[in-house]
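Heavy atoms only: backbone and side chains are in, while hydrogens, waters and symmetry mates are out. Everything numeric in this text was worked out from a predicted model, so none of it was measured.
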Protein chains: 2
Amino acid sequence: MRFETSTIKDIAKALGLSTSTVSRALRDRYEISEETKKLVLAYAEKVNYRANPIARSLKERRSYSIGIIVSEIANNFFSQVINGIESIAYDRDYHVIISQSHESYKQEKLNVEHLASRSIDGLLIALSSETQDIDYLRNLYAKGLPIVFFDRVPEDFETHKVIANNFKGSFDATEHLILSGKRTIAHLTNSENLSITKERLEGYKAALTKYHIEFKPELVKYCQHGGMHSAELEQAVKELLPLNPDGIFISSDRLTTGCIMALKKTNPEIVHKIAIAGFTNSNLVELFSPSLTSVKQPAFEMGQVATELLISMIEAKRSVTEFETKVLDTELVKMVKR
Amino acid sequence: MRFETSTIKDIAKALGLSTSTVSRALRDRYEISEETKKLVLAYAEKVNYRANPIARSLKERRSYSIGIIVSEIANNFFSQVINGIESIAYDRDYHVIISQSHESYKQEKLNVEHLASRSIDGLLIALSSETQDIDYLRNLYAKGLPIVFFDRVPEDFETHKVIANNFKGSFDATEHLILSGKRTIAHLTNSENLSITKERLEGYKAALTKYHIEFKPELVKYCQHGGMHSAELEQAVKELLPLNPDGIFISSDRLTTGCIMALKKTNPEIVHKIAIAGFTNSNLVELFSPSLTSVKQPAFEMGQVATELLISMIEAKRSVTEFETKVLDTELVKMVKR
DNA sequence: AAAAAGTGTGCAAACGTTCCCAAAAACGTC
DNA sequence: GACGTTTTTGGGAACGTTTGCACACTTTTT
């Protein structure tokens, strides 16, 4: 059972031309007479010729495909990023291969290496919350694989990066809680490894400082697995509640929803007494109870920018040495009182 | 800037063997002496040899990749299906290419044709809500592309299909509303084209009949775009409210969340007075206000089953003539009173 | 001791492209 | 009409694999 289709050879034979001529006509390259070009194009159209991308890839030693690694696609932030990536990639005639790390370092490495062996032309990656050792990425990069990081970026890796203004996003959210009268504001966040964790913690601290509220380390809880296991969230919540916070600032999509669920489960009464602000791109926030203040990242745009940078690296004639870190602004969506 | 790696040729040269021998050793095929096999394997390991899948694809005329078309990945039902698909595909050494139709027929067709030209070995597809004409799929199928439908399947297309027990799911949900005392139950559903729309409507009707409630066509509202545009939802809600429903049964993920939002927007008071039951695989239902009764589909399993069927078709020696339609049971998650 | 069977290896073609190089055709110029 | 120049075309190698076939060598059979 095989999938049959006509090739350049078939066209050449049918038209009494050589494959080189047909190839040139189709690709509109080099010197080729208008006449034969039209002839070939017309015939190709007629037999519904589709170039075999595999043969082309083999010859050109590139696949016109880019790999994406996110922790999971069932996360509005990431799926919006992916939409942004696709919007650019398809325009530029690349296709994308999406892989999920499920916040596991092992899975992430496996996926990346699988993609690399699949001859992707470049990689877009947001690190898993477990990832600390990125040597395997360095190796691939050194061998010539273009890589652009987004959202969760490593510090010491010279390449393009695209992130949100995490400091400001956190600052704004925390400030919002303070301005609505909260004073004991907990902070629930991701693994300490992640860039976003550090930056968001700084924003939180800065807001406290501005309003002369003492920073208390015990009010900060880290979740090693990024909230993939409900147990870790429940544990964190259980440790926080005795400190009587009147507000919580949460630093990622998955954590935000997970934390509210954990709160509901642990103490259904308290959940409406604590003000919640968190990073999330969920398009369902309006349905949530309790309602919350959310920090929305420009996810779609982030995907677009990252893809543009990646494609520029892929298509660069000589190796790139000037790298950018693009910082995009977040948006604070204040809780609606009901 | 190119990505370099060692080939079978390099190994052959280094070891003083022919490429055929190396190939056979690596693939563990045919007669080959234990000795040379070990030698080759050891060397390959040492230089970290990775077979070039593109060359292999070209030679074998298959790509070891399967295409997936869903309406959108930012939908828990579909992302769970995708997880199921991946779980099987990766095991069997296939990789997957995901495309989104965004409920648009044009986009769906474009994506499918793009995938086909990318030499996928098979296709898993849930039709878009706009799709009526599937001749383009028939053509590809006739040319030898294996196709398995899931969730949204066409009636008149002889191939494997995997669906949920939509009739029973709807019946259960509607019955639940009736048993909790509702008598004027509206039904908000997808485009009439879709198989799921018909089946779910039948389940809804059957439940009404069982409890001797008259079926009123005006209580059924169809959404042509599957709830992709909030306008169509608001319109539907506006038309329904004057009929004073005391319950609504909604027939898909996107519609369920969209409908609640539209209700909230149109009439924030009423939303807590109408009982809602709907198909959704959202893992955030517990956070929703108002809370609702949900029909959960076995999405992960659906992905798994569909993938197994597809791979069996791909790897079949002779063309398959016996087709199955697998029906998986849904689960009713009753609203928790609070 | 010769024939037959079995085992391991290499040669070379093929998959469908692209593109360098050379050959052929068309055209100008003297 | 001979020559150079330009334009168009074809031949064929290459990309990295897999695999049918042939060959050489070894072992078994008669």
Side-chain angles (χ1 to χ4, degrees), chain A residues 2-41 43-44 47-65 93 116-121 143-144, chain B residues 2-41 43-44 47-65 93 116-121 143-144:
Chain A
R2 206 63 274 139
F3 194 56
E4 58 178 43
T5 164
S6 61
T7 74
I8 260 189
K9 263 189 202 165
D10 301 335
I11 299 185
K13 195 174 292 174
L15 260 40
L17 293 168
S18 75
T19 57
S20 6
T21 308
V22 175
S23 171
R24 277 192 282 255
L26 290 169
R27 325 214 65 230
D28 198 16
R29 292 192 68 137
Y30 282 90
E31 319 82 344
I32 179 104
S33 76
E34 266 311 306
E35 210 176 344
T36 32
K37 189 158 89 188
K38 271 191 194 140
L39 184 71
V40 171
L41 255 32
Y43 187 79
V47 298
N48 191 29
Y49 168 80
R50 306 264 106 140
N52 180 330
I54 297 199
R56 183 157 179 239
S57 292
L58 181 61
K59 181 68 202 169
E60 297 192 356
R61 316 177 86 191
R62 48 182 305 204
S63 61
Y64 294 93
S65 64
D93 245 0
S117 85
R118 286 279 178 189
S119 336
I120 49 168
D121 294 342
K143 278 196 194 163
Chain B
R2 207 60 273 136
F3 195 55
E4 57 177 45
T5 165
S6 60
T7 75
I8 262 190
K9 263 189 203 164
D10 300 336
I11 299 185
K13 197 175 290 175
L15 261 40
L17 294 168
S18 75
T19 56
S20 11
T21 309
V22 175
S23 170
R24 277 192 277 255
L26 289 169
R27 325 217 66 229
D28 197 17
R29 292 192 67 134
Y30 280 90
E31 321 80 343
I32 179 108
S33 77
E34 266 313 305
E35 211 176 345
T36 31
K37 189 158 87 190
K38 270 190 194 142
L39 183 72
V40 171
L41 255 33
Y43 187 80
V47 299
N48 190 30
Y49 169 79
R50 306 264 105 140
N52 181 329
I54 297 201
R56 184 158 179 239
S57 293
L58 181 60
K59 181 66 203 174
E60 298 192 355
R61 315 178 86 189
R62 50 183 302 203
S63 61
Y64 293 95
S65 65
D93 246 0
S117 85
R118 287 279 179 191
S119 337
I120 49 168
D121 293 343
K143 279 196 192 164

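- For A:L39, the side-chain contact (heavy atoms from CB on, under 4.5 Å) partners at least two apart in sequence or on another chain are A:L15.
- Nearer the 5' end of DNA chain C, as judged by each residue's closest nucleotide, is the contact made by B:L17, out of B:L17 and A:S20.
- In this structure, the CZ atom of A:R24 is 10 Å from the C1' atom of C:dT18, given to the nearest Å.
- Residues meeting the side chain to side chain donor-acceptor pair (under 3.5 Å) test with A:Y49, sequence neighbours left out: none.
- Taking atom CZ of B:R118 as the reference point, atom C1' of C:dT17 lies 14 Å away to the nearest angstrom.
- Within the nucleic acid shown, A:S57 has no heavy atom closer than 4.0 Å to any nucleic acid atom.
- For the pair A:R62 CZ and C:dG16 P, the interatomic distance rounds to 22 Å; values are reported in whole Å.
- To the nearest 0.5 angstrom, B:I8 atom CD1 is 11.5 Å from B:L17 atom CG.
- Under the side-chain contact (heavy atoms from CB on, under 4.5 Å) criterion, B:E35 pairs with B:S33, not counting sequence neighbours.
- Axis angle between the ends of the helix from C:dA1-D:dT30 to C:dC30-D:dG1, five pairs each and rounded to 10 degrees, works out to 60°.
- Residues satisfying the side chain to side chain donor-acceptor pair (under 3.5 Å) test with A:S63, not counting sequence neighbours, are A:S65, A:D121.
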Every protein N/O within reach of nucleotides 13-17 of chain D N/O, cut-off under 3.5 Å:
unit_1	atom_1	unit_2	atom_2	d
D:dA14	N3	A:K59	NZ	3.1
D:dC15	OP2	B:K9	NZ	3.4
D:dC15	O2	A:K59	N	3.4
D:dG16	OP1	A:R61	NH2	2.9
D:dG16	N2	B:A55	O	3.4
D:dT17	OP1	B:Y49	OH	2.9
D:dT17	OP1	B:N52	N	3.3
D:dT17	OP2	B:I8	N	2.8
D:dT17	O5'	B:Y49	OH	3.3

Checklist entry - Do A:V47 and A:D10 pass the side chain to side chain contact (heavy atoms under 4.5 Å, CB included) test, and can you show the C-alpha distance, the side-chain angles, and the key distance before you say yes or no? => result CA-CA 10 Å; A:V47 298; A:D10 301 335; over 6 Å; no
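- With sequence neighbours left out, A:R56 forms a side-chain contact (heavy atoms from CB on, under 4.5 Å) with A:R27, A:E60, A:Y64.
- Partners of B:K38 according to the salt bridge (Lys or Arg N to Asp or Glu O under 4.0 Å) rule, which considers only residues two or more places apart in sequence or in another chain, do not exist here.
- Remark: A:T21 is in phosphate contact with D:dG10, judged by side-chain N or O atoms under 4.0 Å from OP1 or OP2.
- Atom NZ in A:K13 sits roughly 16 Å away from atom C1' in D:dG10 (whole-Å rounding).
- What separates CD1 of A:I32 from P of C:dA26 is a distance of 15 Å, to the nearest Å.
- Not counting sequence neighbours, A:K59 has no partner by the side-chain contact (heavy atoms from CB on, under 4.5 Å) test.
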